[in-house]
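Notes follow the structure.
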Amino acid sequence: MTLSTNDVRELTEFRRELHQYPELSGNEVETAQRIVDALTPLSPNRVVTELGGHGVAAVFDSGVAGPTVLFRAELDALPIQEISDNPWVSKVPGHGHLCGHDGHMTMLLALGRMLAERPTAVGRVVLMFQPSEEDGRGARAVVADKKFEDLRPDYAFAIHVEPGRPFGFVSTRVGLMNCASQGLAISFVGKTAHAACPQEGVSPAMCIAQLIPALNTLSLADELNDQFRLVTVTHVQMGEPTFGIAPGEARLLVTLRTATDEALHALDEAARNLSRDLAEQAGLSLCFDVCDAFAATVNDAEATDMAVKAMNALGISCDDSGLPMRASEDFGVFGWDARAAILCLGPGERYAGLHNPDYDFPDALIPVGASIFERITRDLLGTRG
Ligand SMILES: [Zn+2]
Ligand SMILES: [Zn+2]
């Protein structure tokens, strides 16, 4: 079925409403409420709230045994000041929906409208609005939440808009889609001293100077294959911006990126060992913190095949261009227990990149994404006769 002109108009208005009130990861209170309010008239069998934080799930249950199919969207926005002349520009200074999550949520609500009008013959559909995608915490928190236990899907799908592709063109593939990655913060503590007598202190300066090139030697990033590993030093802070004090502490932030979760674990160990050795030689103590940990997102063969068949039936072109991607995506977690596939939907080739201050989800993609989700749903669960 296709969405009516009225549906498309209302959904577009809703997307623009979401766009004006972006909320950061972990703080998606009002966004979750807007989703619940938009779901209510669709009368899903159940709405589960506060899932892994502020996550919301709506269950459309046919009442007949069959698979559970989950579709995922994200609630969170970014700490970036939007630059736009659109009347729906963000009303929150410094925050913006600049990763298209407002559009992803709206595509799920569009699917909800189609399910409310024409329920499936068998099984259940779960519309999953997950929190905290941008910091990699949300999907893990959702699947760890006790309330998720009876929502566990057999299949899971998501669409992320990916600039650099023609409008309505999809890229996807079986296997790796998005790399595993994590932030590693390394803190060093020595002893400050007068700049005239640095020998009386323990400075981290030489340790940091040796550690940065040493960490770089761990990278092997020419090709994105199973051996791929990338170490990116993102920030260094040492002492104070003065001339009279020899520094006594430092902090180095580094992002580790690999093609598999196992390789990420090994790279983390290697980075820690290098840091420990150099800290020991310099007489510094150190500690580690892990942040923004993303599992690799790997598409299942059967789920990908289903999505490709659905797109073929709709006349939507698709290939594996630009894949896999170095950037991470926390949808991979839903694939730990389900046959999962994520699709990258193009907004047009000359379109601002994700996380750019002038990015805005193209509303014309709402019915395109929704039609792919609906086709997959009908192929798996049919339509009540
Ligand atoms: Zn993002
Ligand atoms: Zn995103």
Side-chain angles (χ1 to χ4, degrees), residues 15 18-19 21-28 31-32 35 52-56 71-84 90 92 94-109 127-142 156-165 170-172 177-183 232 234 255 257 291-297 299 322-335 340-347 351-363 365-366 368-369 372-373:
R15 203 284 299 177
L18 289 176
H19 192 89
Y21 301 97
E23 291 176 297
L24 301 186
S25 309
N27 294 297
E28 310 95 336
T31 307
I35 295 295
H54 300 302
V56 177
F71 295 94
R72 190 289 308 251
E74 319 88 319
L75 295 167
D76 54 341
L78 289 156
I80 302 172
Q81 176 68 46
E82 184 178 13
I83 299 172
S84 165
S90 170
V92 185
H95 297 178
H97 259 302
L98 304 172
C99 200
H101 297 179
D102 48 347
H104 303 165
M105 289 185 261
T106 309
M107 293 191 298
L108 250 58
L109 286 168
L127 305 183
M128 180 70 236
F129 301 86
Q130 75 154 81
S132 293
E133 190 284 326
E134 294 289 355
D135 62 10
R137 291 173 200 259
R140 282 175 210 264
V142 165
F157 297 93
I159 290 177
H160 203 299
V161 170
E162 290 291 344
R165 293 164 175 81
V170 170
S171 39
T172 190
M177 287 290 288
N178 300 82
C179 283
S181 70
Q182 71 166 52
T232 309
T234 57
T255 304
R257 202 175 289 279
C291 330
D292 291 25
F294 289 83
T297 291
N299 275 356
L323 298 175
M325 286 181 278
R326 289 182 172 198
S328 298
E329 153 64 67
D330 86 343
F331 177 72
V333 171
F334 290 103
I342 187 166
L343 315 175
C344 302
L345 180 57
Y351 206 83
L354 300 176
H355 297 202
N356 283 26
D358 53 345
Y359 179 85
D360 185 40
F361 180 91
D363 291 307
L365 283 180
I366 296 168
V368 179
I372 298 171
F373 285 154

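Whatever order the structure lists ligands and atoms in, that order sets their numbers, starting from 1.
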| task | For the pair Glu23 (side chain) and Thr31 (backbone), establish whether a donor and an acceptor sit closer than 3.5 Å, ignoring hydrogens and angles. | result | yes

| task | Quick one: report the N, O or S atom of His160 that is nearest to the Zn ion (ligand 2). | result | NE2

| request: Taking Glu133 for its side chain and Gly138 for its backbone only, find out whether a donor-acceptor pair lies under 3.5 Å. | output: no

| query | Judged by atom type as modelled, is there a donor-acceptor pair below 3.5 Å linking the side chain of Arg257 to the main-chain atoms of Arg326? | reply | yes

| Main-chain N/O of Glu82 paired to Ser90 side chain as donor or acceptor, under 3.5 Å | no

| query | Between His97 and His19, how do the two ring planes meet: parallel, tilted or perpendicular, split at 30° and 60°? | reply | tilted

| Tell me, which protein N/O/S atoms are under 2.8 Å away from the Zn ion (ligand 1)? | Cys99 SG, Glu134 OE1, Glu134 OE2, His355 NE2

| request: Give a yes or no on whether the backbone of Ala293 and the side-chain of Arg140 come within a donor-acceptor separation of less than 3.5 Å. | output: yes

